[in-house]
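In each ligand, atom 1 is the first atom listed, and ligand 1 is the first ligand listed. For this chain, numbers begin at 1 and follow the sequence in order. All heavy atoms count here, side chains included; hydrogens, waters and symmetry mates do not. Quick caveat: nothing in here was measured; it's all calculated off a predicted structure.
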Amino acid sequence: MMQIHQLLFRAAYLGMSREELWERLSRAERMLKECILCPRNCGVDRTSGEVGFCKTGNKPFVSSWGPHFGEETPLVGRFGSGTIFFGHCNLGCVFCQNWTISHLGEGEELSFERLAKIMVDLQGMGCHNINLVTPTHQMPMILHSLAIAVEKGLTLPIVYNCGGYESLEALKILRGIIDIYMPDFKYGDPMKALKCSKAKNYPERAKASLKEMHMQVGDLVMDRRGIAQRGLLVRHLVLPEDIAGTEEVMAFIAEEISKDTYLNIMDQYSPCYEASEHPPLNRKITREEYAAAVATARRRGLKRIDGLTDKAY
Ligand code: SF4
């Protein structure tokens with residue numbers, strides 16, 4: 001059975017020549033010179049020690065890694081998602097649940113070879129994919145390590161698990177390399193995005209990013225085991241008093257991406273980091289707020305919702 005799956009699905013980057021992969025890496029590394037890797041467009045030269053909003057240099061900076069069983073059902077399977085958490089972030093969410101990693105920069109600088117070995121080791125543990133958590137501001141470093149890992153036998157699909165605040169130029173470099181895009185779509189309203197994540201243009205950038213991602217990989221497809229192999233999976237965290245703008249987000253996904261979009265409408269919001277200073281972010285969501293978000297998605301014709309049955313909501 002395993003052989004049949006392998007025949008049907010093949011990681012995207014395996015169809016790319018070595019030369020093409022390294023050429024993409026060169027293009028990505030050039031973006032670090034006057035950094036435009038994300039919509040903040042800081043313009044700093046990260047190759048000479050300058051840092052921008054994300055406080056990250058030009059080497060892989062990793063917090064932790066390992067098989068992860070708490071991700072979406074199609075990513076986890078039997079042996080887990082091979083998750084690598086990257087340190088720092090290009091967003092500034094006041095409620096971040098991983099704030100010690102994203103805001104305080106918990107983690108360590110690794111060599112490209114070490115990060116490549118981590119990818120290959122996760123494959124050796126039986127993980128079903130390499131899940132890059134918060135990769136946006138480290139994309140060139142990840143590509144560098146990926147190119148090494150491919151030469152060492154990596155064959156797993158790559159999951160780009162990002163905040164949705166992406167540069168189109170960077171995403172275009174990833175075309176034919178990334179198998180599964182898993183962006184957040186956090187806010188429908190620019191002022192909420194400014195207040196909560198210091199990114200007023202988040203909604204417009206997220207919309208453009210989702211379109212590009214969907215154009216590259218299409219709707220999420222799984223193999224016969226139910227393991228995701230390719231496509232788009234969108235996360236939306238429900239926030240108190242509809243700060244996330246669920247109506248706007250679901251309308252966009254349904255009308256301009258696809259009604260077959262695989263969604264994770266997340267209910268786990270809990271006040272972290274500076275959330276207590278920003279009411280109503282200082283409380284969890286209610287069951288009614290979550291049910292209303294799910295109903296909004298369903299009303300828009302979105303039915304592929306992770307972990308939910310029609311009975312539950
Ligand atoms: S990746 Fe970092 S330095 Fe580059 S534009 Fe984004 S926030 Fe600024």
Side-chain angles (χ1 to χ4, degrees), residues 24-63 84-110 112 115 131-147 158-175 177-178 181-187 190 192-213 216 235 273-274:
R24 299 286 186 95
L25 169 60
S26 308
R27 280 170 57 193
E29 284 177 336
R30 283 200 290 276
M31 294 180 79
L32 290 170
K33 286 289 285 177
E34 285 180 51
C35 194
I36 48 167
L37 260 186
C38 87
R40 295 206 185 270
N41 292 329
C42 295
V44 294
D45 182 0
R46 290 172 58 184
T47 66
S48 67
E50 291 178 9
V51 293
F53 182 92
C54 64
K55 303 191 197 97
T56 313
N58 66 344
K59 293 286 182 321
F61 190 82
V62 172
S63 166
I84 305 173
F85 287 90
F86 291 92
H88 300 303
C89 186
N90 69 325
L91 281 167
C93 306
V94 295
F95 54 82
C96 181
Q97 64 178 5
N98 294 325
W99 61 278
T100 56
I101 300 171
S102 58
H103 293 306
L104 300 189
E106 251 179 31
E108 60 178 318
E109 194 171 286
L110 303 180
F112 298 116
L115 179 55
N131 184 347
L132 308 166
V133 184
T134 321
T136 304
H137 58 303
Q138 301 202 42
M139 185 271 276
M141 295 79 108
I142 292 168
L143 272 194
H144 195 144
S145 295
L146 177 65
I158 305 292
V159 182
Y160 205 72
N161 181 347
C162 62
Y165 194 50
E166 316 299 315
S167 129
L168 282 186
E169 194 175 340
L171 289 177
K172 284 181 176 139
I173 290 174
L174 295 173
R175 186 174 191 174
I177 296 174
I178 300 301
Y181 282 106
M182 186 160 68
D184 292 321
F185 194 161
K186 293 175 183 289
Y187 312 102
K192 303 273 172 41
L194 175 64
K195 186 175 171 211
C196 301
S197 292
K198 304 180 179 67
K200 189 177 176 186
N201 60 349
Y202 179 92
E204 97 191 39
R205 294 293 85 215
K207 286 176 180 174
S209 299
L210 261 64
K211 280 188 175 179
E212 173 65 24
M213 293 171 184
Q216 289 185 20
R235 285 175 162 174
Y273 190 44
E274 297 172 348

For this session: Please state whether the rings of F95 and Y187 are parallel, tilted or perpendicular, taking 30° and 60° as the class boundaries.
Result: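 F95 and Y187: perpendicular rings.
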Exercise. Any idea how H144 and F112 line up, ring-wise: parallel (<30°), tilted (30 to 60°), or perpendicular (>60°)?
Worked result: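 H144 and F112: parallel rings.
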In a table with atom names and distances, give each donor-acceptor pair under 3.5 Å that connects a side chain of residues 200-207 to protein atoms at least two apart or in another chain.
| residue | atom | partner | partner atom | Å |
| --- | --- | --- | --- | --- |
| N201 | OD1 | Y165 | OH | 2.5 |
| Y202 | OH | G163 | O | 2.7 |
| Y202 | OH | D184 | O | 3.1 |
| Y202 | OH | K186 | N | 2.9 |
| K207 | NZ | E248 | OE2 | 2.6 |

Exercise. Counting only protein N/O/S, how many atoms fall short of 2.8 Å from atom 8 (Fe) of ligand 1?
Worked result: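 Total protein N/O/S atoms under 2.8 Å from atom 8 (Fe) of ligand 1: 1.
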For this session: Write out the residue and atom name of the closest protein heavy atom to atom 1 (S) of ligand 1, then the distance separating them to 0.1 Å.
Result: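 Here the closest protein heavy atom is R46 NH1, 3.4 Å.
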Exercise. Can you list the steps and then say if E106 with S63 is a side-chain hydrogen bond (donor to acceptor under 3.5 Å, both in side chains)?
Worked result: CA-CA 6 Å; E106 251 179 31; S63 166; 5.0 Å; no
Problem set entry | Close side-chain approach of F86 to M141, heavy-atom, < 4.5 Å |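 No, every pair of side-chain atoms sits at 4.5 Å or beyond.
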Exercise. Below 4.5 Å, heavy atoms only, C-beta onward: do N98 and H103 meet side chain to side chain?
Worked result: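 Sidechains of H103 and N98: no contact.
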